[in-house]
There are 2 protein chains.
Amino acid sequence: MSLYKARVLVSLRPSVLDPAGEATKDAAGRLGVDGIRKLRIGKAIDLELEASDETEARRKLELLSDRLLANPVIENWKLELHMVPTTQSTMS
Amino acid sequence: MSLYKARVLVSLRPSVLDPAGEATKDAAGRLGVDGIRKLRIGKAIDLELEASDETEARRKLELLSDRLLANPVIENWKLELHMVPTTQSTMS
């Protein structure tokens with residue numbers, strides 16, 4: 001078993017409104033930061049998981065992303081590939 | 001003016017509890033995905049902004065992150081550096 005690190009980025013589909021992002025964009029203007037053309041808020045889930053190899057780690061992460069981390073009706077997800085196996089069994 | 005793209009990653013400080021992340025980790029087990037050692041949920045804010053150069057873009061993004069996107073009492077933030085200037089003035 002190796003320990004893999006991964007990040008899943010979950011973002012709203014482009015066709016879905018993002019009221020929190022719009023409110024934040026407006027607040028940026030009031031803070032004196034102009035020129036913001038787009039601002040969308042998504043989730044970044046950082047994981048560490050044990051798996052026998054990269055294929056198994058990827059399979060687990062894809063299942064998690066599809067079924068638990070993202071709502072496929074309104075969200076897309078992307079797996080970031082800094083899945084570096086380490087020799088430690090855990091990192092706190 | 002050039003258009004810059006950036007991503008700000010906001011994560012809870014390691015000393016701060018993440019009940020949503022813990023609940024998600026437990027749900028992963030019930031879904032049949034074992035071996036998850038750590039799961040922390042943060043935010044990923046995708047931005048497009050206009051600035052005269054990279055220094056100004058960076059200054060704006062640092063101000064936004066410190067004052068608006070993250071709560072420095074409980075959160076850290078990191079700026080991802082895919083700030084590629086484009087020739088277009090806006091992208092919808």
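Just so we're clear, the structure is a prediction, and the values are computed from it rather than from any experiment. Order of the sequence lines fixes the chain letters, A, B, ..., with proteins taken first and strands second; residue numbering starts at 1 for each chain.
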* Roughly how far apart are A/Leu49 CG and B/Lys38 NZ, rounded to 0.5 Å? -> 12.5 Å
* What part of A/Ala27 is in contact with chain B, defined as an atom under 4.5 angstrom from a non-hydrogen atom: side chain, backbone, both or neither? -> both
* Asked: Applying a criterion of heavy atom separation less than 4.5 Å, what residues of residues 9-25 of chain B form contacts with chain A?
  -> B/Leu9, B/Thr24
* To do: Please name all residues satisfying side chain to side chain contact (heavy atoms under 4.5 Å, CB included) with A/Arg67, sequence neighbours left out, ordered by chain then number.
  => A/Leu63, B/Leu31
* **Side-chain heavy atoms of B/Glu48 within contact of A/Ile36, under 4.5 Å** => no
* Asked: Does the pair B/Arg59 and B/Leu61 meet the rule for a side-chain contact (heavy atoms from CB on, under 4.5 Å), with working shown?
  -> CA-CA 6 Å; B/Arg59 191 187 56 73; B/Leu61 288 164; over 6 Å; no
* Asked: So, the side chain of B/Tyr4 versus the backbone of B/Glu50: is there a donor-acceptor pair under 3.5 Å, distance only?
  -> no
* Sub-4.5 Å side-chain heavy-atom contact between B/Leu47 and A/Arg37 -> no
* Identify which part of B/Ala28 has an atom lying under 4.5 Å from any heavy atom of chain A, answering side chain, backbone, both or neither. => both
* To do: Kindly indicate whether the side chain of B/Glu62, heavy atoms from C-beta on, has any atom under 4.5 Å from the side chain of B/Leu64.
  => no
* How would you list, by chain and number, every residue that makes a side chain to side chain donor-acceptor pair (under 3.5 Å) with B/Thr55, sequence neighbours excluded? -> none
* Test B/Asp34 against A/Lys60 for side-chain contact (heavy atoms from CB on, under 4.5 Å), laying out the working first. => CA-CA 8 Å; B/Asp34 55 359; A/Lys60 285 181 176 182; 3.5 Å; yes
* Taking the side chain as C-beta and beyond, is there a heavy-atom pair between B/Leu79 and B/Arg58 under 4.5 Å? -> yes
* Structure fact -> Under a 4.5 Å heavy-atom criterion, the part of residues 68-78 of chain A in contact with chain B comprises A/Leu68, A/Leu69, A/Lys78
